[in-house]
Amino acid sequence: MLSHPTSQTLNALGLGGMAKALEEQRAMQGIEELCFEERLALLIDREKLHRMNRRLTTRLKKAKLRHAACFEDIDLHSPRGLDKTLVMSLGSCSWVGKGYNVLITGATGVGKSFLACALAHKACLEGFDALYMRLPRLMEDLLIAKADGRYGKLMRSFAKTPLLVIDDWGLTPMTPATCRELLELLEDRHGRHSTIVTSQLPVAAWHEYLADATVADAILDRLVHNAYQLNLKGESMRKMKSIIDPN
Ligand SMILES: Nc1ncnc2c1ncn2[C@@H]1O[C@H](COP(=O)(O)OP(=O)(O)OP(=O)(O)O)[C@@H](O)[C@H]1O
């Protein structure tokens, strides 16, 4: 079907949602029973929805979440020591962007990254920008940016992200220099933006993990005191999945 000149004009004006809805209305039987304002309202609603969906798609793409996990996919029933009330209240996202953090710890495969991504996905749905990074990759990116003059810009972009997910904390050794960079990043975010950290190490072992004792104090002061903590227990989900589906 050839598109109507008005639809073409709407598309040219960047009103793709309205254009599509207009084409649908033209093909719809009985549409003329609606008055002008009712039809116009439907077109405007459609454009609003179209824009919201486009913004969400862009936000999720930029967040680079490792798992395609939704908040509703979080398994609250397996015996993993998950505090259901806390998880449900985190789903409101009222903590995001206020400087509150979430620290998720537990053994390998227990579902820490999945949970972090599900919370970040919910934050994206609620309109917050998010970014997922593994700590080793975050430190490597900062190192490369230092060498090619992008350090300040990269640091600013990490610093202003409303929700930063730092996965795999404690997996690779930190040097005093990387600890200082991490402190700089967390200092810029402190009290303003939220961070989710996932780690196989219990929070009590983080001080020892960070190479410089004084910097470690400062890092933990910014990260832990204003944080909700979730300690996952039980079997590795990776192992359980491979038992259910060995292929
Ligand atoms: N609620 C869930 N529903 C379905 N699959 C899940 C769920 N939680 C975790 N998984 C799956 O279990 C596997 C391990 O999860 P995840 O990567 O989150 O574990 P992890 O604790 O972060 O592991 P590691 O410490 O090794 O990085 C993944 O394949 C993930 O998709």
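Numbering starts at 1 and runs along the sequence shown. Remember, it's 1-based here, ligands and their atoms both numbered in the order they're listed.
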Checklist entry - With a 4.0 Å heavy-atom cut-off (strictly under), which part of D168 contacts ligand 1: side chain, backbone, both or neither? => result side chain
Item to check | Under 3.5 Å: N/O of F114 near N/O of ligand 1 | outcome: yes
Next on the checklist: Under a 3.5 Å threshold, yes or no: a donor from one side chain and an acceptor from the other, between N101 and S194?
Outcome noted: no
Checklist entry - L82 pairs by side-chain contact (heavy atoms from CB on, under 4.5 Å) with which of V87, I104, N231? => result V87
Listing, residues 12-21 side-chain donor-acceptor contacts under 3.5 Å, not counting sequence neighbours, or none:
none

Checklist entry - So H67 and F114, would you call those rings parallel, tilted or perpendicular, with 30° and 60° as cut-offs? => result tilted
Next on the checklist: Could you tell me, atom by atom, which parts of ligand 1 come under 4.0 Å of a heavy atom of D75?
Outcome noted: 1 (N)
Checklist entry - Are R180 and E184 within salt-bridge range, i.e. N to O under 4.0 Å? => result no
Checklist entry - Looking only at heavy atoms of G106, does any of them come nearer than 4.0 Å to an atom of ligand 1? => result no
Item to check | Short N or O distance, L115 and ligand 1, threshold 3.5 Å exclusive | outcome: no
Checklist entry - At a 4.0 Å threshold, what atoms of ligand 1 neighbour a non-hydrogen atom of H67? => result 16 (P), 17 (O), 18 (O), 28 (C), 30 (C), 31 (O)
Checklist entry - What do you reckon, does D73 put a non-hydrogen atom under 4.0 Å from ligand 1? => result yes
Next on the checklist: Check this for me - ligand 1, D167, N or O atoms closer than 3.5 angstrom, yes or no?
Outcome noted: no
Checklist entry - Does a donor on one side chain and an acceptor on the other come within less than 3.5 Å for T178 and T175? => result yes
Next on the checklist: Between ligand 1 and T108, is the shortest N or O to N or O distance under 3.5 Å?
Outcome noted: yes
Next on the checklist: Distance to the ring centre below 6.0 angstrom and angle to the axis at most 45 degrees; does that hold for K146 and Y151?
Outcome noted: yes
